[in-house]
Amino acid sequence: MATPLVVSDVAKSFTMHLRDGIRLPVVAGVSFSIRSGECAVLGGPSGAGKSSILKMLYGNYAVDAGQIIVQHEDGLIDLATASPRMVLAVRRLTIGYVSQFLRTVPRVSALDVVAEPLVERGEDPDVARNKARALLAQLNLPEKLWMLPPATFSGGEQQRVNIARGFITEHPILLLDEPTASLDASNRDVVIALIAAKKAAGVALLGIFHDHDVREAVADRVIDVTAFAAGKIAA
Amino acid sequence: MSDVPLLRVSALSKFYGSRIGCENVSFDLWPGEVLAVVGESGSGKTTLLNCLSTRLLPSSGTASYRMRDGQFRELYRMSEAERRFLMRTDWGFVHQNPADGLRMTVSAGANVGERLMAVGDRHYGKIRATAVDWLSRVEIDEDRIDDEPRAFSGGMRQRLQIARNLVTGPRLVFMDEPTGGLDVSVQARLLDLLRGLVTDLGLAAIVVTHDLAVARLLSQRMMVMKDGRVVESGLTDRVLDDPRAPYTQLLVSSILQV
Amino acid sequence: MTAQPTDIATYNFAYLDEQTKRMIRRAILKGIAIPGYQVPFASREMPMPYGWGTGGVQVTASIIGPDDVLKVIDQGADDTTNAVSIRAFFKKVANVAVTTETAKATIIQTRHRIPEHPLTSGQVLVYQVPIPEPLRFLEPRETETRKMHALEEYGLMHVKLYEDIARHGRIATTYAYPVKVEGRYVMDPSPTPKFDNPKMHRSPALQLFGAGREKRIYALPPFTDVVSLDFEDHPFEVQTFDQPCALCAAENVYLDEVILDDHGDHMFVCSDTDHCEKRREQGRRGDLAPETMEPTQ
Ligand SMILES: Nc1ncnc2c1ncn2[C@@H]1O[C@H](COP(=O)(O)OP(=O)(O)OP(=O)(O)O)[C@@H](O)[C@H]1O
Ligand SMILES: Nc1ncnc2c1ncn2[C@@H]1O[C@H](COP(=O)(O)OP(=O)(O)O)[C@@H](O)[C@H]1O
Ligand SMILES: [Mg+2]
Ligand SMILES: [Mg+2]
Ligand SMILES: [Zn+2]
């Protein structure tokens, strides 16, 4: 099986210049890889650095040290040192991401929020909207909401829009940050099914799931983030 | 995605006597890319923008622009005629104060049509049809086409200024605080419009703003300036979510939520 | 330069001192060399107020010689106060012959008309210009308009015509209608009716323009291309009149409306008084022509 994502010896700390420059080590020596068709789960208590790792993999957080090698368009890219432009290309074509919270844009309808990543990849807008409709229906988002901007939606409704947006494309790598946190049981099951479909399609998934049942249902493997606790190494 | 930048800026500095306007700024801008320049008042944003758009000559440094024929030209070595031609065809400049970018005493239609006439369009009917089309794209009713911008609200004026700039299909647009001085709801509408136009037209843009939310919404990349220097630059969400320079941290922490 | 008869010894020939005339001639020559380009010159105080044609008078004073025959018209008429006093001025300070006949004049100073009788080689038409800058209407900054001329940025002229059509459904500008000279400079032909614009095109006469208050001189050498600006779908057109001159029956000439009485009765007559008289002398008669010919002056 292909391994489109290899993380080696990655470290992350925050320097808080507004608080006398205190340095906050988060993780160090982070090393793992993800294979196509598997779903790995980052495990560890709150504050361990799970989201930070995911954000580094998406280029949203800077990386202090180490490499994040991604298979991107027939080549290998080190995301830890890639230019902003390259990171954007990787996001468009290779790595998808479902964030913890939806960031809404004024006046853009839920349907278009979901269709956007597909359109960005060059899909016909009508085709993209049809696919968005199918996903929103599958996630049980009431049809009367589709044409509204999600800013006023409930937490769970927003999260479903966010999930649909992350799942609509065929990115070979998909990062999930607690996609089921604010969902009810039946919608959790839909997400489980969606993840299973991605796995079957050969997508490499890396996620954070606090919900024990969901984790049991989707995880092929748990990566224990406490093993990368920066304090241990720094000390 | 093009592998050749549209604009290459290298070690650009502008001094006002012994005072620093901006110093040693370097970056590349690619087609379709929006770069936000943020920083507090007096940090050199407008100076930089005016140097880049050749409204001001820098004290040192270079900027080269890829012309439509694919050749790079050094902006500060061009003749004034060439620069002005670029300004009204391939470039746009959206001023913070619409009155600086509009002709307040001619109709909205003529404001939009002026660039077309400047490049030689001589068919009234076609010029007017294009103006109607652009007014509708910036959400101004067709029946306002013969009104002077004096009769428009601030938000409408700003939208008219945008239409006036985009009508010749520029590839690079400079914006100085495009939403400054507008009500929050008017801002949101304008931002949304700009976002749509930038994506639809594949525009490259350099947007000066002190509003991080504007930067977040419009730009892919950003540069943070302080005392004329770039203290941090990178992917917009990276800079905002993981600010590294002390000044950027201060900026980000000073606002509620972006 | 020229020895003068004793009765005008108190004046230099043609009023202006030789230094000034030389300076103005240099400006004129430069203007001729760059058709349509506005040449700055050090306009002098003249013994008449601005608005009375001080620019035209200075140009005429600088080119007139003792052998010249001068005609002065104001909106086509030889007999208005302005025309009469300028004619008298030059008669006094240059002792030149004057005429009202277009064909006999060597220099014609004009305010706002071009004579109907075609001008010929060797004649000079001197225009009195109030505002020489055609771009002024939309761009008040002189530094900017100069740059626009230098860089041939004339989109703004069409903005003005666009506004006309948007407001009136057609180009409503009827005088001071902008022209492009030799495919290069956009020029204001002074407030002549656009009816006269085609007469400027390739005229065999030398045309000189003087703006006294604004201190500018510009020129059209003989046979210069002068094209009126327009749109493809709104081409330039001259005014047409649906009746001939009421006095001389002339057609295709520029007519003025003349009010006849308190009841609003009016007639249309030639604006060019010399042209009208000549025709009537030849026996042409319009509908309202009096029974017997009486001289207008
Ligand atoms: N942008 C940031 N600036 C400063 N500290 C940060 C930043 N992001 C995360 N941290 C800190 O880094 C550590 C790891 O945070 P992170 O969000 O990765 O935790 P997490 O494991 O996802 O926690 P949770 O489960 O609560 O979401 C925490 O101490 C957090 O406060
Ligand atoms: N024309 C000028 N003459 C002198 N100093 C100037 C001039 N314009 C700007 N400055 C100075 O240069 C610095 C940067 O200004 P500016 O580029 O206008 O900042 P910003 O646009 O970020 O508010 C400031 O210290 C400002 O006072
Ligand atoms: Mg987290
Ligand atoms: Mg500023
Ligand atoms: Zn007549």
Side-chain angles (χ1 to χ4, degrees), chain A residues 12-24 26 49 51-64 72-73 79-93 97 99-101 103-109 112-113 115-117 119-122 125 149 151 177, chain B residues 1-5 27-36 139 179 184-196 199-200 202 204 213-214 216-223 231-254 257-258:
Chain A
K12 175 73 190 166
S13 67
F14 290 101
T15 305
M16 317 294 275
H17 292 285
L18 302 182
R19 302 212 178 71
D20 304 320
I22 56 160
R23 198 169 152 277
L24 197 79
V26 180
S51 293
S52 294
I53 291 173
L54 227 48
K55 286 174 179 173
M56 285 189 282
L57 297 188
Y58 197 57
N60 178 231
Y61 276 7
V63 176
D64 293 351
H72 172 70
E73 286 200 300
L79 267 185
T81 55
S83 69
R85 227 165 89 78
M86 180 52 78
V87 173
L88 289 174
V90 168
R91 288 182 184 179
R92 193 171 60 249
L93 299 175
Y97 177 58
S99 56
Q100 235 167 329
F101 303 102
R103 198 178 280 287
T104 58
V105 173
R107 298 216 301 170
V108 181
S109 71
D112 284 340
V113 168
E116 188 183 63
V119 176
E120 267 176 19
R121 285 160 66 105
D177 195 347
Chain B
M1 181 164 88
S2 163
D3 280 335
V4 191
F27 67 90
D28 287 346
L29 185 76
W30 275 267
E33 192 173 47
V34 180
L35 173 72
E139 302 171 11
T179 60
V184 181
S185 64
V186 178
Q187 270 191 31
R189 180 170 178 197
L190 186 73
L191 277 175
D192 176 45
L193 181 84
L194 272 176
R195 216 178 72 97
T199 348
D200 290 352
V214 170
R216 165 91 75 184
L217 212 56
L218 282 183
S219 71
Q220 291 100 47
R221 266 169 64 204
M222 75 187 241
M223 272 184 350
V231 294
E232 182 159 5
S233 67
L235 216 54
T236 297
D237 61 275
R238 204 284 294 155
V239 173
L240 291 176
D241 294 342
D242 182 13
R244 325 213 73 194
Y247 177 66
T248 317
Q249 294 189 354
L250 180 65
L251 264 190
V252 171
S253 71
S254 314
Q257 257 293 349
V258 285

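Order of the sequence lines fixes the chain letters, A, B, ..., with proteins taken first and strands second; residue numbering starts at 1 for each chain. Everything numeric here is computed off the predicted structure, so don't read it as measured data.
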Side chain to side chain contact (heavy atoms under 4.5 Å, CB included), that's the test. Do A:Glu116 and B:Thr199 meet it? Break it down for me. CA-CA 11 Å; A:Glu116 188 183 63; B:Thr199 348; over 6 Å; no
Where is the tightest heavy-atom contact between B:Ser253 and A:Leu18, given as atom of each residue plus distance? OG-CD1, 3.2 Å
Side chain, backbone, both or neither: which part of B:Arg244 has an atom under 4.5 Å from a heavy atom of chain A? both
May I ask you to decide whether A:Arg103 forms a salt bridge with B:Asp237, counting only side-chain N to carboxylate O separations under 4.0 Å? no
Side chain, backbone, both or neither: which part of A:Arg19 has a heavy atom under 4.5 Å from chain B? neither
Is the side chain of B:Gln220 donor-acceptor paired with the backbone N or O of A:Pro84 at a distance under 3.5 Å, no angle test? no
Could you please spell out the steps behind the side chain to side chain contact (heavy atoms under 4.5 Å, CB included) verdict for A:Val108 and B:Arg195? CA-CA 11 Å; A:Val108 181; B:Arg195 216 178 72 97; 3.7 Å; yes
Which atoms form the tightest heavy-atom contact between B:Arg238 and A:Gly59, and what is the distance? CG-O, 3.5 Å
Say you draw a straight line from CD of B:Gln249 to OG1 of A:Thr15; how long is it, rounded to the nearest 0.5 Å? 7.5 Å
Region of B:Leu250 that comes under 4.5 Å of a non-hydrogen atom in chain A: both
Tightest non-hydrogen contact, residues B:Asp241 and A:Tyr61, listed as O-CE1, 3.6 Å
Provide the closest heavy-atom pair for B:Ala245 versus A:His17 in the form atom of the first, atom of the second, distance. C-CD2, 4.2 Å
